[in-house]
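Would you mind keeping the following structure in view while I ask a few things?
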There are 2 protein chains.
Amino acid sequence: MSITQEHAEDQNLPYNVFAKACPSRGTLEHVTGRWGALTLGALREGSLRFNELRRRVDGVSEKMLSQTLQALERDGLVHREAQPTNPPRVDYELTPLGHQVAGHLLALIRCVEDRMDDVLAAREEYDGRQN
Amino acid sequence: MSITQEHAEDQNLPYNVFAKACPSRGTLEHVTGRWGALTLGALREGSLRFNELRRRVDGVSEKMLSQTLQALERDGLVHREAQPTNPPRVDYELTPLGHQVAGHLLALIRCVEDRMDDVLAAREEYDGRQN
DNA sequence: CGGGATCCCGCACGATACTG
DNA sequence: CAGTATCGTGCGGGATCCCG
């Protein structure tokens with residue numbers, strides 16, 4: 001091993017969201033996307049069925065919820081459990097990885113909610129400042 | 001105070017991102033948006049000038065960066081410091097609130113980067129499973 | 001109930017050019 | 001350098017219908 005190797009990364013950390021081509025950016029967008037964040041947040045409380053989820057995430061269309069769930073399932077964040085009954089029953093729940101990610105997300109969400117008054121005040125000052 | 005007063009304005013936590021009409025959802029979208037998250041993440045390391053930021057957030061256009069920064073400044077997450085010199089010099093830095101939010105964001109980003117191998121593996125299994 | 005297929009519109013976004 | 005202005009378009013995403 002070269003002694004000139006300044007940043008001797010013991011482990012390989014090749015993933016960097018700030019680089020355009022990095023696949024991690026795509027996953028970050030699934031996670032932080034308009035519906036992805038709310039879906040993961042909602043699922044953190046426990047497993048939910050499709051229409052329960054749809055009611056919980058106010059405003060999401062069937063199509064977008066379906067699409068969002070597929071992306072999250074593909075990324076290994078959500079587990080889909082379908083029972084071949086009639087009528088069909090499908091439950092969605094977080095994987096351990098999804099749970100971890102949703103934890104960070106929920107902390108962020110709570111933070112934004114908690115400090116929303118500050119945000120609103122900042123907006124008023126901003127709008128008032130430049131006429 | 002009227003007993004018919006439905007919404008108690010003096011409550012502490014009236015904000016709920018899961019409700020479609022809640023203003024906190026808009027702010028969450030600014031923060032978790034495609035460029036918002038990366039911009040806040042980049043600024044956490046210190047103040048940056050416009051083009052420095054543009055280079056750091058690989059792939060962002062001038063227009064989108066400008067637009068993103070305006071939204072974040074309006075929400076009180078970013079402070080813009082313009083010096084009337086020639087050539088002009090403008091520095092962007094996080095406010096205390098922005099720093100707090102960006103902290104959560106960066107934790108999320110690191111988490112996604114760290115576990116990207118798991119995500120990629122999950123994708124392969126998903127793609128291979130249902131042909 | 002849990003979706004898939006299709007149609008279609010708006011605007012988020014990129015590219016380009018211009019300004020102080 | 002640090003942005004605005006303008007224009008064109010891709011696709012995000014809503015609406016609707018349908019099926020097992």
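In what follows, chains carry the letters A, B, and so on, assigned in the order in which the sequence lines appear, proteins first and then strands, with residues in each chain numbered from 1. Below, all heavy atoms of this structure are taken into account, side chains as well, without hydrogens, waters or symmetry copies. These numbers were taken from a predicted model, which means no experiment stands behind them.
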*Between P87(A) and V60(B), which has a closest nucleotide on DNA chain C that is more 5'?*
P87(A)

_Nearest to the side chain of V90(A), heavy atoms from C-beta on, is which of dC1(D), dG3(C), dG20(D)?_
dG3(C)

*Where the side chain of R80(B) is defined as all heavy atoms beyond and including C-beta, which of dG3(D), dC1(C), dG14(C) is the nearest nucleotide?*
dG3(D)

_Atom-to-atom span, CD of Q83(B) to C1' of dG3(D) - whole angstrom_ = 16 Å

_Taking 4.0 Å as the cut-off, does a side-chain nitrogen or oxygen of Y92(A) come that near to OP1 or OP2 on dG3(C)?_
yes

*Which whole-number value in Å describes the distance from R34(A) CZ to dC13(C) P?*
11 Å

_Any carboxylate oxygen within less than 4.0 angstrom of a Lys/Arg side-chain nitrogen, looking at R74(B) and D127(A)?_
yes

_Quick test of your reading of the model: are R129(B) and E125(B) salt-bridged, counting only N-O distances below 4.0 Å?_
yes

*Out of dT4(D), dG2(C), dC1(D), which has the shortest distance to the side chain of E62(B)?*
dT4(D)

*Examine R56(B) relative to F18(A) and say whether NZ or CZ is less than 6.0 Å from the centre of the six-membered ring and inside a 45° cone about the ring axis.*
yes

_On the nucleotide dG3(C), are OP1 or OP2 found under 4.0 Å from the side-chain N or O atoms that R54(A) carries?_
no

_Interatomic distance where CD belongs to Q70(B) and C1' belongs to dA5(D) [whole Å]_ = 13 Å

*asked:* Whether R49(A) contacts dG2(C) is assessed here as follows: a side-chain N or O lying under 4.0 Å from the phosphate OP1 or OP2. Is that the case?
replied: yes

*Whole angstrom is fine here: how far is it from CZ in R55(B) over to P in dG3(D)?*
14 Å

*asked:* What is the separation between atom NZ on K63(B) and atom P on dC7(D), rounded to the nearest whole Å?
replied: 12 Å

_Can you see whether Y15(A) engages D114(B) through a side-chain donor-acceptor pair at a distance of less than 3.5 angstrom?_
no

*Does the side chain of Q70(B) come under 3.5 Å of the side chain of R80(B) through a donor N or O and an acceptor N or O?*
no

*Protein-nucleotide distance (R89(B), atom CZ; dG20(C), atom C1'), rounded to Å*: 18 Å

*asked:* Rounding to an integer number of Å, can you tell me how far Q67(A) CD sits from dG13(D) P?
replied: 8 Å

*Using whole Å, report how far CG of D91(A) lies from C1' of dC1(C).*
12 Å

*Considering only dA2(D), dG3(D), dG3(C), which nucleotide approaches the side chain of S66(A) most closely?*
dG3(C)

_Side chain of W35(A) (C-beta onward), nearest among dG3(D), dG13(D), dG2(C)_ = dG13(D)

